[in-house]
Amino acid sequence: MSLNQDAFFMAKALKLAEKGCYTTDPNPNVGCVLVMDGKVVAEGWHHKAGGDHAEIVALKKIDDAKGVTAYVTLEPCSHHGKTGPCCEALITAGVKRVVVAMQDPNPLVAGKGIKKMQDAGLIVECGALERGAEGLNKGYIKRMMTGLPFIRSKLGMSLDGRTAMPSGESQWITSSQSRADVQKLRAESSAILTGINTVLADDPSLNVRLDIDVKQPVRVILDSSLQMPLTAKMLSLAGENWILTCSDDEQKIKSLENVGFQVFQINNKENQLDLDATMAFLGKKQINTVLIEAGAILNGALLNQKLVDEWIVYMAPCILGDQGRGLFHLPGMQKMIDKKQLNMISVRQVGADIKLIFNTQ
């Protein structure tokens, strides 16, 4: 087939992979299209961890796969996990050619699936629409390559850069459309992380409220001295609630565990949770993508330590005044040389607001 045809069918596979972006965690989003004589004969996508992978879903839809070309957005797995190796299934089915968007960064797979198929005589080509495949699995890729999750921070602000009135009142600065967009960000995330000060001030739910199939992200609270109320709203909601602390107060830990929290102890740094150790811990717990929904103190610390991969800012066309609360607490900044430079990735309108996405230099 021509490069244009390969790109066409891989684009279809990528659209299929997108369907799993709210449910597959901690697995990657993967789509597969089977083509014979220039026509799609079957397609599939990975629905949930523990279920059939995209290639198996597609293969089960046809009686005879001999001679087909398979377009897969991620290298077919070669190891035995909760399911069998997909590369072996493609070989056994008689697939002739496999077009792969990108190699799997998982050390258990990384090139082994491609090699196994090539050794069996299949034609394997890699790299078709690779950037699109990478964009679908930023968290999975980063965790596999570094051991750390992909970290986003979501911020809502007025035109003059304020997140709340001096009293702390903040509902609502941004539009209903922006708040709906945030629900999608939450649904794409493995975990939503905030600090104890936000919990004490707002008693947030930190859950996904969408009328579709969603795997609820883990709610992660950074609580150095275990101030978490035993009556927090999040305890009544679906999903796991984790507290990360550097306290060793056994009585408080037991009380929190008795009402449903999972408490994990993390190394401290200057009497606060070590943020580097926190992110490493989340990576070890198979958290691919973290959405930060926190206040100025935590966001300032994350910015200082360059731990955030993507800053997502919803800017509303309103003014809260110079006494309002700011985005970042950065007390050490005194001169222009201290400024933090960000790179703008995209800008678009959401309702009455502007959605800005940056990364850190």
Side-chain angles (χ1 to χ4, degrees), residues 1-21 24 26-46 52-59 65 67-79 81 83 85-148 150 188 288-289 309-310 345-346 359:
M1 288 192 185
S2 69
L3 291 176
N4 285 341
Q5 285 177 310
D6 284 346
F8 175 79
F9 291 119
M10 187 60 76
K12 282 183 170 290
L14 289 170
K15 290 298 290 183
L16 289 167
E18 284 181 16
K19 294 184 176 184
C21 69
T24 62
N27 287 359
N29 304 307
V30 184
C32 176
V33 173
L34 302 182
V35 175
M36 175 70 83
D37 298 327
K39 296 181 180 179
V40 175
V41 293
E43 56 186 33
W45 52 280
H46 183 45
D52 285 340
H53 290 187
E55 301 93 320
I56 307 304
V57 174
L59 287 171
V68 308
T69 294
Y71 291 86
V72 190
T73 59
L74 188 69
E75 176 184 1
C77 63
S78 57
H79 65 293
T83 59
C86 292
C87 65
E88 291 183 6
L90 292 168
I91 293 166
T92 301
V95 170
K96 179 180 179 181
R97 178 172 175 254
V98 180
V99 181
V100 178
M102 66 170 288
Q103 182 174 299
D104 194 331
N106 184 344
L108 294 173
V109 180
K112 297 173 185 174
I114 291 172
K115 185 177 186 304
K116 187 171 284 190
M117 291 187 293
Q118 288 173 331
D119 289 346
L122 278 68
I123 300 168
V124 183
E125 298 172 26
C126 193
L129 303 189
E130 184 173 13
R131 285 195 176 184
E134 290 172 347
L136 277 175
N137 291 300
K138 291 179 182 178
Y140 174 80
I141 293 168
K142 186 185 175 189
R143 180 170 67 85
M144 286 298 166
M145 296 185 71
T146 69
L148 300 172
F150 186 88
E188 293 171 5
N288 288 332
T289 307
D309 297 289
E310 220 170 64
I345 299 173
S346 71
N359 61 19

Engineer: Begin with the C-alpha distance, continue with both residues' side-chain angles, and end with the deciding distance and a verdict on side chain to side chain contact (heavy atoms under 4.5 Å, CB included) for L74 and V100.
Structural biologist: CA-CA 6 Å; L74 188 69; V100 178; 5.9 Å; no
Engineer: So which atom in M145 and which in P105 form the shortest heavy-atom distance, rounded to 0.1 Å?
Structural biologist: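 Here M145 and P105 meet closest at CG-CB, 3.9 Å.
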Engineer: Does the side chain of L14 reach to within under 4.5 Å of the side chain of L129, using non-hydrogen atoms?
Structural biologist: yes
Engineer: Rounded to the nearest 0.5 Å, how far apart are CG of D119 and CD1 of I114?
Structural biologist: 12.0 Å
Engineer: Looking only at side chains, do N27 and H46 share a donor and an acceptor under 3.5 Å apart?
Structural biologist: yes
Engineer: Return the minimal non-hydrogen interatomic distance between L136 and A17, and the atom names on each side.
Structural biologist: CD1-CB, 3.6 Å
Engineer: Answer yes or no: is there an ion pair linking D6 with R97, defined by an N-O contact shorter than 4.0 Å?
Structural biologist: yes
Engineer: How about M144 and P107: do any of their side-chain heavy atoms sit closer than 4.5 Å?
Structural biologist: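 Yes; the side chains approach each other to less than 4.5 Å.
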Engineer: Would E134 and R131 pass as an ion pair if we require N to O under 4.0 Å?
Structural biologist: no
Engineer: Assess whether side chain to side chain contact (heavy atoms under 4.5 Å, CB included) is satisfied between N137 and M102, documenting all intermediate values.
Structural biologist: CA-CA 11 Å; N137 291 300; M102 66 170 288; 5.7 Å; no
Engineer: Determine whether Y71 and V35 make a side-chain contact, defined as any pair of heavy atoms from C-beta on separated by less than 4.5 Å.
Structural biologist: yes
Engineer: About how many Å separate CG of L122 and SG of C87, when rounded to the nearest 0.5 Å?
Structural biologist: 9.5 Å
Engineer: How many angstroms lie between atom CD1 of I123 and atom CD of Q118, to the nearest 0.5 angstrom?
Structural biologist: 10.5 Å
Engineer: Write down the atom of V33, the atom of F9, and the distance for their closest heavy-atom approach.
Structural biologist: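 In terms of heavy atoms, the two residues are closest at CG2-O, 4.0 Å.
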Engineer: Is any side-chain N of the basic residue among E310 and K138 closer than 4.0 Å to the acidic one's carboxylate O?
Structural biologist: yes
Engineer: Out of curiosity, S346 OG to N359 CG, how far, rounded to the nearest 0.5 Å?
Structural biologist: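 Answer for the OG-CG pair, S346 versus N359, is 10.5 Å.
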Engineer: Does the side chain of M117 come within less than 4.5 Å of P76's, by heavy atoms?
Structural biologist: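 Side chain of P76 against side chain of M117, heavy atoms only: contact under 4.5 Å found.
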Engineer: How many angstroms lie between NZ in K12 and OG1 in T73, if you round to the nearest 0.5 Å?
Structural biologist: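 It comes to 15.0 Å.
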Engineer: What's the separation between atom CD in E18 and atom CD in E188, rounded to the nearest 0.5 Å?
Structural biologist: 9.5 Å
Engineer: Should P26 and R143 count as side-chain neighbours, where that means a heavy-atom distance under 4.5 Å?
Structural biologist: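 Heavy-atom side-chain distance check passes, below 4.5 Å.
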Engineer: Hey, are the side chains of V98 and T69 touching, using non-hydrogen atoms and a 4.5 Å cut-off?
Structural biologist: no
Engineer: Shortest non-hydrogen contact from V57 to G44?
Structural biologist: CG1-CA, 3.7 Å
Engineer: Could you report the tightest heavy-atom contact between V99 and A128, atom names first, then the distance?
Structural biologist: CG1-CB, 3.8 Å
Engineer: Might you work through the side chain to side chain contact (heavy atoms under 4.5 Å, CB included) test for C126 and E75, ending with a clear yes or no?
Structural biologist: CA-CA 8 Å; C126 193; E75 176 184 1; over 6 Å; no
Engineer: Measure across T289 and G139 and return the closest heavy-atom pair with its distance rounded to 0.1 Å.
Structural biologist: OG1-CA, 3.6 Å
Engineer: So, do E55 and V72 sit near enough that their side-chain heavy atoms are less than 4.5 Å apart?
Structural biologist: yes
